[in-house]
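First listed ligand is number 1; within each ligand, the first listed atom is number 1. Keep in mind the model is a prediction, meaning the values are calculated, not measured.
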Amino acid sequence: MIVDLHAHSHFSDGTLSPRDLVKRAHAQGVNVLALTDHDETKGIKEAQIAAQQLGIHLVPGVEISCTWGSQTIHVLGLNVDPSGERLAKGLAELRLKRISRAKHIAEKLEKHGVENAWEGTIKLAGTEAVTRTHFARFLIQQGHAKEMGQVFKRWLGRKGKGFVSMQWVDLEEAVAWIKDAGGSAVIAHPARYKMTTTRLKLLLSDFADYGGVGLEVACSSHSPPEKIRMAELANRFKLYASAGSDFHEPDSEFAELGKRITLPESVTPIWSTWEIPAVTNRCVNE
Ligand code: AMP
Ligand code: MN
Ligand code: MN
Ligand code: MN
C-alpha cells in the first residue's frame, strides 16, 4: 500500500487542481493521499469526489503555519473536518496574515527594483493562501532569478531582500484547532528546521504535551540518515510516524507523489490506527 500524507494543490502553492492532483496520485499507484494545502481546506471537497471515482482513500488535511519560540514550524492536520469552527476561523485569520505579509514582501521587492511585484504575484497565485512560492515563481518568470534555490537565497529566504519575518499562530493553539476538528497533529519535515538535537527534542516534548501525535519521518526533503534520526526521535517521544512527499508540481526534481517516502520498520505508521477501506486504486476505466 502506498501512502502519501502531504501534498499541495492550486488552493495553496501547488500547481495542480485537487482533481488533477488525485489523478496524478492514482497514476503513481498511491492508495492513500492527504491533501494538505497551506492554511487552506478549500480543495478537499473536489479532491474527495475525484478520489472516490478513482478508488483512492483521500485524507482531508491541512498544513498550518505556526510559530514556536520565534521559529516557523509547519504542522499537518490529518483527518480534519474542514467545517470545524475553530479550525476554519483560525485558518481564515492566517490567510489574512498571508495577504498582509504579501503586501510587505511586494513593497520590499519593488524597492529593490522588481516591478509589478504585488499585482503580478497575486494574479499568478489566484488564491488567498499567497505563499513565498508564488513570489518565487513570479521572480523567476520576470528573470530576477534562475531557479527556486537561487530565488529563495537571494530574495525570499531569511537573508533575502524581500524577507518579512512573521508571527503565525502559536504551535499550541494550532494543535488545539486540529484536535477540535477531530484530526491528528503531525510535525511536518522536521529535518528542514535545521535545529540542534537538543532543540528538536524540546520541540517534540512541547508538541507531545500540547496533544500532537505524529512526526513526518519520511519526506522528500529528508536524506536517508535524517529519516533514521527522525524515526529514532518519533519512537523516543512516542509519536506515530507519517510519510509525505510534499508534492507541489510535476517535474520537480525534489518531490513526486508517493515516491521516496517509505518508513523504516522500527516506527508505527500513523495510518495503522485508521480505518481505510480495503478497495483502493481502481482501474481508471472502471
Ligand atoms: P510560506 O509559507 O509562504 O513562507 O512559503 C513556504 C513555502 O515556500 C514552502 O512550503 C515551500 O513550498 C517553499 N519553499 C521554502 N523554501 C524553499 C526553497 N529553498 N526552495 C524551494 N521552495 C521553498
Ligand atoms: Mn509549499
Ligand atoms: Mn512545509
Ligand atoms: Mn508542504
What protein heavy atom sits nearest [atom], and how far off is it?
atom	result
atom 6 (C) of ligand 1	R132 NH2, 3.9 Å
atom 2 (O) of ligand 1	R98 NH2, 2.9 Å
atom 13 (C) of ligand 1	T133 OG1, 3.4 Å
atom 1 (P) of ligand 1	R101 NH2, 3.3 Å

Please tabulate, for the side chains in residues 165-185, all donor-acceptor contacts under 3.5 angstrom to protein atoms that are two or more places apart in sequence or on a different chain.
{"unit_1": "E173", "atom_1": "OE2", "unit_2": "W177", "atom_2": "NE1", "d": "3.0"}

Task: Region of H38 engaging ligand 1 - heavy atom pairs below 4.0 Å - done: side chain
Task: Region of D246 that comes within reach of ligand 1 [heavy atoms, distance under 4.0 Å] - done: neither
Task: Passing candidate, side chain to side chain contact (heavy atoms under 4.5 Å, CB included) with F237, options L200, I187, L204 - done: L204
Could you check whether any side-chain N or O of [X] sits under 3.5 Å from a backbone N or O of [Y], counting only pairs where one atom can act as donor and the other as acceptor?
X	Y	value
E147	G149	yes
Q28	K259	no
E226	S223	yes

Open item on the list: With no hydrogens and no angle check, just 3.5 Å: does a side-chain donor-acceptor pair link S65 and D39?
Closed with: yes
Open item on the list: side chain to side chain donor-acceptor pair (under 3.5 Å), that's the test. Do S220 and R260 meet it? Break it down for me.
Closed with: CA-CA 6 Å; S220 313; R260 294 184 299 278; 5.1 Å; no
Task: Stepwise salt bridge (charged side-chain N to carboxylate O under 4.0 Å, His left out) check, D206 with K201 - done: CA-CA 9 Å; D206 277 1; K201 284 179 179 167; over 6 Å; no
TODO: Looking only at distances, please establish whether an N/O atom of ligand 1 is found under 3.5 Å from an N/O atom of S65.
DONE: no
Open item on the list: For the Mn ion (ligand 2), give me the closest N/O/S atom belonging to D13, just the atom name.
Closed with: OD2
Task: Residue and atom names of protein N/O/S atoms that fall under 2.8 Å from the Mn ion (ligand 4) - done: H6 NE2, H8 NE2, E63 OE1, D246 OD1
TODO: Could you check T131, T127, D13, T133 and say which one makes a side-chain hydrogen bond (donor to acceptor under 3.5 Å, both in side chains) with H38?
DONE: D13
Open item on the list: Centre-to-centre under 6.0 Å for H6 and H8, is that the case here?
Closed with: yes
Open item on the list: Under a 4.0 angstrom heavy-atom cut-off, which atoms of ligand 1 come close to D13?
Closed with: 7 (C), 10 (O), 12 (O)
TODO: Only heavy atoms count here, so choose which of F152, F135, W168 is nearest to atom 18 (C) of ligand 1.
DONE: F152
TODO: Tell me whether F138 is reachable from I140 by hopping between hydrophobic residues (I, L, V, M, F, W, Y) whose side-chain heavy atoms are closer than 4.5 Å.
DONE: yes
Task: Close approach, H8 and ligand 1, non-hydrogen under 4.0 angstrom - done: no
